[in-house]
Amino acid sequence: GGGVSPPAPPCRARSAKHERSLVAWTEIVTGGGDGQSVGSALLGALPREAVGRMCGARLSPDASVLSHATPLPCSELSSRALGQATLHMQFTNAETRVAILETMGWWHPAAYVTQVDPASADAKPVSCESLGKGGIHAGVLGTVAAAAVSSSSANFTLLCLLPGGRTGHTLALAGSRAEGCPCCWRVDELSREALRAGASAPDLKTLGRAEQWGGCKLWRTNA
């Protein structure tokens, strides 16, 4: 004889602020709200290329750092840009986690628009492409809020800019790319071109700080 599968338990409503802010999230439900078991929980082992750790650090690069190369095209910044289809944030500072999610477009815009400090209202708006090599703002003086981003399956680091104006920065990234397309450079490419161009010591130091996160080999809670 046949049987009827029990109904799937309803998903828990997003209650915490960070849950409402995340663009995507997953949850495993093992029982009903009344404490009664409504199904079997399954545990699966996923290959490393499917899911892994994500990491990084907040940075404040001068715009001159970005002028040595062009930003990556949107076609190279898909969900698998860091070598994995799904990424879980490595334990690190809470503000760093949010910054990384913002740079990658995985944090709802409404979640951070209200966090932009009024003191940054005078920041000069710049587009992603204008800061890169050959852009109209290439080499412009000023700093921009950014984050170094990598994963445990990537042998490189991305340097990605945070959208909007940020406290303490004179440049503000204005939306100019396709929706959901982050503004990122490969740090190894920036470093190679910066060395070739005889970049300043501070610029090379910034790139060195970003590059050390490649492969998520560092574990720091205060990054």
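A donor-acceptor pair under 3.5 Å is absent between the side-chain atoms of His68 and the main chain of Leu66, judged by distance alone. Between the side chain of Arg53 and the backbone N or O of Cys216, at least one donor-acceptor pair lies under 3.5 Å. In this structure a side-chain-to-backbone donor-acceptor pair under 3.5 Å is missing from Thr96 to Ala57. Checked by atom type and distance alone, the side chain of Thr70 never pairs as donor or acceptor with a backbone atom of Lys133 at under 3.5 Å.
Every residue meeting the side-chain contact (heavy atoms from CB on, under 4.5 Å) condition with Ala69, not counting sequence neighbours, appears here in chain and number order: Trp185, Glu189, Leu190. Looking at residues two or more places apart in sequence or on another chain, you find a side-chain hydrogen bond (donor to acceptor under 3.5 Å, both in side chains) between Ser151 and Gln84. Take Asp188 and apply the salt bridge (charged side-chain N to carboxylate O under 4.0 Å, His left out) test, not counting sequence neighbours, and it matches Arg186.
Taking all atoms of both residues into account, the shortest heavy-atom contact from Met54 to Met104 is CE-CG, 3.8 Å. Considering every non-hydrogen atom in both Ala210 and Val187, the closest pair reads CB-CG2, 3.9 Å. Closest of all the heavy-atom pairs between Leu173 and Ser127 is CD1-C, 3.9 Å. Closest non-hydrogen pair, Cys181 versus Leu77, comes out as SG-CD1, 4.5 Å. Nearest heavy atoms, Leu207 versus Ser191: CB-OG, 3.6 Å.
Between Cys184 and Cys160, the sulfur-to-sulfur (SG-SG) separation falls under 2.5 Å.
Looking at heavy atoms from C-beta onward, Thr206 lies out of side-chain contact with Leu159 at the 4.5 angstrom threshold. Side-chain contact check for Asp62 versus Pro202: every heavy-atom pair is 4.5 Å or farther apart. Contact of the Pro182 side chain with the Thr103 side chain is not registered, since no non-hydrogen atoms from C-beta on lie closer than 4.5 Å. Residues Val149 and Trp213 have side chains not in contact (no heavy-atom distance under 4.5 Å, counting atoms from C-beta outward).
Distance check, rounded to the nearest 0.5 Å: CD of Glu211 to OG of Ser150 gives 10.5 Å. Atom CZ of Arg58 sits about 10.5 Å away from atom CZ of Arg97, to the nearest 0.5 Å.
Other residues sharing a hydrophobic cluster with Leu204 under the 4.5 Å side-chain heavy-atom criterion for ILVMFWY residues are Leu195. Taking Ile, Leu, Val, Met, Phe, Trp and Tyr as hydrophobic and joining them when side-chain heavy atoms fall under 4.5 Å apart, one finds Leu162 isolated, its cluster having no other members.
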Ignoring hydrogens and angles, write down the donor-acceptor pairs under 3.5 Å from the side chains of residues 136-148, residues two or more places apart or on other chains.
residue : atom : partner : partner atom : Å
His137  : ND1  : Ser130  : OG           : 3.0

